[in-house]
Amino acid sequence: MVDLRAQDPISQAGVASQLRTRPEVRLVDRGGTEDAQVVVMVVDIVDEVALRVLRQVQRTSTARGVLVTTQIDEQQLVSAAECGFVGVVRRAEATPERLVQVIGAVARGEGYVPADLLGSLLEQVGRLQGEVLGPRGINFNGLAAREIEVLRLVAEGYDTADIALKLAYSERTIKNVLHAVMTRLNLRNRSHAVAYALRQGLI
């Protein structure tokens with residue numbers, strides 16, 4: 001189910017008429033009580049006004065977002081992604097087939113970014129990891145290398161004393177590391193922390 005929103009009524013009507021003919025997509029009545037899986041937002045440019053609307057959508061809905069826009073650069077793409085809009089389609093490429101494809105991908109938990117933006121975005125990510133996060137011992141998953149190593153050893157069945165011995169830390173330090181990870185990520189216990197690390201592909 002899709003909640004379609006646009007900054008102007010002509011765009012709203014045009015995109016709605018395109019999507020209504022597609023059996024894979026069902027538009028949600030704005031006044032209804034049905035929860036949409038995906039919000040499609042149509043804007044001309046990703047300026048501060050548009051970003052305010054995207055943030056409002058993020059605050060009031062659990063749906064993932066698809067952004068249809070005339071123009072967008074890497075920084076605007078990052079801003080949109082921070083608001084939960086992980087599918088981006090340029091208006092010039094927004095055929096009904098492409099829209100349905102991207103809506104389906106986003107509903108499945110995937111993302112979609114125009115190819116020309118993807119390369120420069122990956123360069124930015126690499127630069128951020130290399131210049132900012134890496135020197136501070138942090139990864140994109142929010143865990144430091146030492147935290148990942150401790151979780152790996154917990155997963156292998158080592159107790160606190162063994163981990164402290166293996167990593168040449170005090171037992172208190174190992175307990176503090178585990179406590180910090182569990183508190184920061186809202187994890188209940190060591191088993192939950194290990195399960196999280198496995199799901200994230202960290203260990």
Exercise. So which heavy atom on Leu27 is nearest to which on Leu4, and how close?
Worked result: CD2-CB, 4.2 Å
For this session: Report the distance from atom CG of Asn176 to atom OG of Ser170, rounding to the nearest 0.5 Å.
Result: 7.5 Å
Exercise. Short question: side chain of Ser17, backbone of Gly14 - any donor-acceptor pair under 3.5 Å?
Worked result: yes
For this session: Report yes or no: does Ser61 contribute a side-chain atom to a donor-acceptor pair with the main-chain N or O of Gln58 at less than 3.5 Å?
Result: no
For this session: Before giving the answer on side-chain contact (heavy atoms from CB on, under 4.5 Å), spell out for Leu178 and Arg190 the whole-Å C-alpha distance, their side-chain angles and the decisive distance to 0.1 Å.
Result: CA-CA 8 Å; Leu178 286 167; Arg190 288 181 177 211; 3.3 Å; yes
Exercise. Is Tyr112 close to Arg98 at the side-chain level, that is, under 4.5 Å between some pair of heavy atoms?
Worked result: yes
For this session: Evaluate the salt bridge (Lys or Arg N to Asp or Glu O under 4.0 Å) criterion for residues Arg146 and Glu149: first the C-alpha distance (whole Å), next the side-chain angles of each, then the deciding distance (0.1 Å), finally the verdict.
Result: CA-CA 5 Å; Arg146 178 171 74 170; Glu149 186 64 15; over 6 Å; no
Seminar exercise, completed: Heavy-atom nearest pair, Ala193 first then Leu187, reads CA-CD1, 3.6 Å
Problem set entry | Met41/Val68 under side-chain contact (heavy atoms from CB on, under 4.5 Å): CA gap, chis, key distance, verdict | CA-CA 6 Å; Met41 187 76 208; Val68 181; over 6 Å; no
Exercise. Any side-chain heavy atom of Asp162 within less than 4.5 Å of one from Thr160?
Worked result: no
Exercise. Please walk me through it: do Val102 and Val88 pass side-chain contact (heavy atoms from CB on, under 4.5 Å)?
Worked result: CA-CA 8 Å; Val102 175; Val88 176; over 6 Å; no
Problem set entry | Whether Arg20 side chain and Val15 backbone form a donor-acceptor pair below 3.5 Å | no
For this session: Evaluate the side-chain proximity of Leu117 to Glu74: yes if any heavy-atom separation is below 4.5 Å, no if none is.
Result: yes
Problem set entry | Polar contact flag, side-chain donor to acceptor under 3.5 angstrom, Ser79-Arg55 | no
Problem set entry | Separation of Glu156 CD from Leu151 CG (nearest 0.5 Å) | 11.5 Å
For this session: Show your working on side-chain contact (heavy atoms from CB on, under 4.5 Å) between Leu165 and Tyr158 and close with a plain yes or no.
Result: CA-CA 10 Å; Leu165 194 62; Tyr158 292 101; over 6 Å; no
Problem set entry | Steps toward salt bridge (Lys or Arg N to Asp or Glu O under 4.0 Å) verdict (Asp116, Arg90) | CA-CA 11 Å; Asp116 62 300; Arg90 287 199 179 91; 2.9 Å; yes
Exercise. Is there a side-chain contact between Arg26 and Leu19, using heavy atoms and a 4.5 Å cut-off?
Worked result: no
Exercise. Distance from Phe85 atom CZ to Leu51 atom CG, nearest 0.5 Å?
Worked result: 10.0 Å
Exercise. Is the backbone of Tyr169 close enough, under 3.5 Å, to the side chain of Thr173 for a donor and an acceptor to pair up by distance?
Worked result: no
Exercise. To the nearest 0.5 Å, how far apart are CZ in Arg152 and CD1 in Ile163?
Worked result: 10.0 Å
Seminar exercise, completed: One should read off an interatomic distance between Gln76 CD and Leu67 CG, to the nearest 0.5 angstrom, of 9.5 Å
Exercise. Are Arg184 and Glu147 close enough, and set up right, to give a salt bridge (Lys or Arg N to Asp or Glu O under 4.0 Å), and what steps lead you there?
Worked result: CA-CA 12 Å; Arg184 194 165 68 246; Glu147 294 171 333; 2.8 Å; yes
For this session: Hey, could you give me the NE2/CG distance between His192 and Asn186, rounded to the nearest 0.5 Å?
Result: 9.0 Å
Problem set entry | Flag side-chain contact, heavy atom, 4.5 Å: Val25 against Leu99 | no
Problem set entry | Within one Ile-Leu-Val-Met-Phe-Trp-Tyr cluster: Ile45 and Val42, side-chain cutoff 4.5 Å | no
Exercise. Are any of the side-chain heavy atoms of Gln37 and Val2 separated by less than 4.5 Å?
Worked result: no
Seminar exercise, completed: Closest non-hydrogen contact found for Met1 with Asp35 is CE-O, 3.3 Å
Exercise. Is Gln12 reaching over with its side chain to a backbone N or O of Ala6, donor-acceptor style, under 3.5 angstrom?
Worked result: yes
For this session: Please check if any side-chain donor atom of Asp8 sits under 3.5 Å from a side-chain acceptor atom of Ser11, or the reverse.
Result: yes
Exercise. If we only count heavy atoms from C-beta on, is the Leu153 to Leu167 side-chain gap below 4.5 Å?
Worked result: yes
Problem set entry | Minimum heavy-atom distance between Gln7 and Asp44, given as atom pair plus value | OE1-N, 3.8 Å
For this session: Answer whether the closest heavy-atom distance between the side chains of Tyr196 and Leu185 falls below 4.5 Å.
Result: yes
Exercise. Closest heavy-atom contact between Val43 and Ala50?
Worked result: CG1-CB, 4.1 Å
